[in-house]
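Beneath this line is the structure, given in structure tokens, with notes to follow.
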Amino acid sequence: MRPDHDGAGPMRVGIVGQPDRAGALVRALSAEAPEARVVAVADAQDVGASGQDPGPSRHDDAADLLAAHPLDLLVVGGPVRRRLEYLTLALASDVPRILVEGPLAASEAEAMELARLAVEREGLARVGVGLRLRHVAPVLRDGMAARRVGPIRSMSVTEVAGAGDGAVADEDRVLGRLLAALDMCQSLAGARPFRLACFGGAGGAGWPEIPDKSGDDRTAIVEYQTGASLALHIGGGAGDPSGRIVLTGAGGAITADLLTGASDPDDADRMPSPSPADPDRAAVAALVGALRGAAADGSGDLVDALEATLAALALERARVEGRVVDLSDLWEEFDDSLEGVW
């Protein structure tokens, strides 16, 4: 594997996969590391590099790109069904850092394979994950401490996508939204999901002038290993995007906006209310810090994202099969895949 970027000269970045959220990751990267330069793209449309002069070289596939360019960072985009293919090539290469958008796999079997692959190729600390709601969890934890909420007993999350959220394939969009919410809530609960059920996605007749996204709707119930519970609803595109989370603990409760992490006005004296954050900056900042030799081991980033990916896929399995799914066997298999390093 090549050494991390030493700060001398431009940070060479490659991109593989369709835009999806890779464009947002590249823009966050440009803001965090002005020295970053997209030098090559493969299987990609315009992902935010068009302003460069000269522009990036274009390749027919990811293998060709990786063979042709010594990179400091590879950004992996969609579609989800090709994520394992791209990451397999990336982990086999000498690229020191990889930034990928969630979800990480299209099936539970693929997620297990990726975990095993990351262990075999010492990739756990090489991969950073950009997830849309990761910036909210630290803000909420600060608020829980300030309000003395105590251990989480229940969480309620409602998120409605904006009407323009239709550029991504339906199954990728739904899985990505489930993943982002589950990743955030697992962080807050401090435990993995234990049992879950999911409903929705049947579709229906919409108004002729409004695209029908009722197939995007999901209502899920999750029980965590600590006994905490989550009631989750994500809605299809309708109007402006919105989101809200309510956390109830042994000592109290807080409510916050999912888009900004800001609390209700009556909580302002007890809970931090930050300005709106770029949800991709945290993942990008961690990888840039690692490239500059200033960051600690980031192994947990990939492991947490794989756990949330498995939980999101299990929710869809529960919905399709119409039953409550117990995840005990799934976590046992996952832990076996990480044996020796986690």
Side-chain angles (χ1 to χ4, degrees), residues 17 20-21 76-88 100-119 124 127 129-134 155 157 159 161 168-187 189 191-203 215-225 229-234 236 300-338 342:
D20 199 347
R21 294 188 62 253
V76 178
V80 174
R81 60 183 169 77
R82 300 196 66 183
R83 201 80 90 228
L84 180 61
E85 171 195 346
Y86 291 144
L87 287 171
T88 298
V100 59
E101 56 179 327
L104 298 177
S107 69
E108 293 171 21
E110 284 191 1
M112 296 294 182
E113 175 62 23
L114 179 55
R116 287 188 286 268
L117 192 66
V119 171
L124 287 178
V127 182
V129 185
L131 292 176
R132 199 166 37 79
L133 297 178
R134 276 202 168 173
M155 298 174 282
V157 175
E159 185 192 22
V168 184
D170 289 348
E171 64 273 16
D172 289 3
R173 178 176 57 244
V174 172
L175 187 61
R177 294 176 65 202
L178 288 173
L179 166 64
L182 289 168
D183 177 76
M184 175 188 66
C185 291
Q186 180 171 319
S187 173
R192 292 167 166 172
F194 168 52
R195 292 184 296 179
L196 46 79
C198 186
F199 312 91
D216 288 3
D217 291 345
R218 296 291 187 274
T219 298
I221 301 171
V222 181
E223 180 184 9
Y224 289 85
Q225 292 169 332
S229 63
L230 164 67
L232 169 66
H233 174 69
I234 61 172
D301 193 41
L302 178 59
V303 173
D304 289 347
L306 282 168
E307 288 177 344
T309 294
L310 284 166
L313 290 163
L315 273 180
E316 287 295 85
R317 175 158 57 94
R319 180 184 65 84
V320 171
E321 296 177 1
R323 65 184 182 92
V324 174
V325 170
D326 186 312
L327 301 182
S328 300
D329 291 342
L330 189 73
W331 297 134
E332 183 176 353
E333 181 183 355
F334 184 68
D335 288 338
D336 287 345
S337 71
L338 297 173
W342 202 251

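All residue numbers refer to positions in the sequence shown, counting from 1.
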Taking every heavy atom of A197 against every heavy atom of L315, the minimum-distance pair comes out as O-CD2, 3.6 Å
Rounding to 0.5 Å, atoms CE (M155) and OH (Y224) come to a distance of 4.0 Å
In this structure, CG of D217 is separated from CD1 of I234 (nearest 0.5 Å) by 8.0 Å
Test L306 against V129 for side chain to side chain contact (heavy atoms under 4.5 Å, CB included), laying out the working first.
-> CA-CA 10 Å; L306 282 168; V129 185; over 6 Å; no
When every non-hydrogen atom of R81 is compared with those of A106, the smallest separation belongs to CA-CB, 4.0 Å
Min side-chain heavy-atom separation L330-M112 under 4.5 Å: yes
query: Within the distance-only criterion (no hydrogens, no angle test), does the side chain of D172 pair as donor or acceptor with the backbone N or O of V80 below 3.5 angstrom?
result: yes
Correct closest heavy-atom pair for A305 and L179 would be O-CD1, 3.9 Å
Notebook entry, point to check: Is there a donor-acceptor contact under 3.5 Å from the side chain of R83 to the main chain of G77?
Noted result: yes
Note: Q186 and P193 closest approach over all heavy atoms is OE1-CD, 3.4 Å
Residues A105 and L313: closest non-hydrogen pair is O-CD1, 4.1 Å
Taken in chain and number order and not counting sequence neighbours, the residues that satisfy salt bridge (charged side-chain N to carboxylate O under 4.0 Å, His left out) with R323 are E321
Residues at least two apart in sequence or cross-chain that pass side-chain contact (heavy atoms from CB on, under 4.5 Å) with E223, listed by chain then number, are F194, R195
Distance col, row L327:CG vs L196:CG, nearest 0.5 angstrom, shows 4.5 Å
Rounded to the nearest 0.5 Å, the CZ atom of R317 sits from the CG atom of L310 at a distance of 9.5 Å
Output for pair (L182 CG, D304 CG), nearest 0.5 Å, gives 12.5 Å
Quiz item: With side chains defined as the heavy atoms from C-beta onward, is the minimum distance between L117 and L87 less than 4.5 Å?
Solution: no
Close side-chain approach of V157 and C185, heavy atoms under 4.5 Å: yes
Here the gap from D183 atom CG to T309 atom OG1, rounded to the nearest 0.5 Å, amounts to 8.5 Å
Could you tell me whether R218 and E316 have a side-chain N and a carboxylate O separated by less than 4.0 Å?
yes
For H233 and T219, the nearest pair of non-hydrogen atoms, with its separation, is ND1-OG1, 3.2 Å
Sorted by chain and residue number, the salt bridge (charged side-chain N to carboxylate O under 4.0 Å, His left out) partners of E113 (sequence neighbours excluded) come out as R116
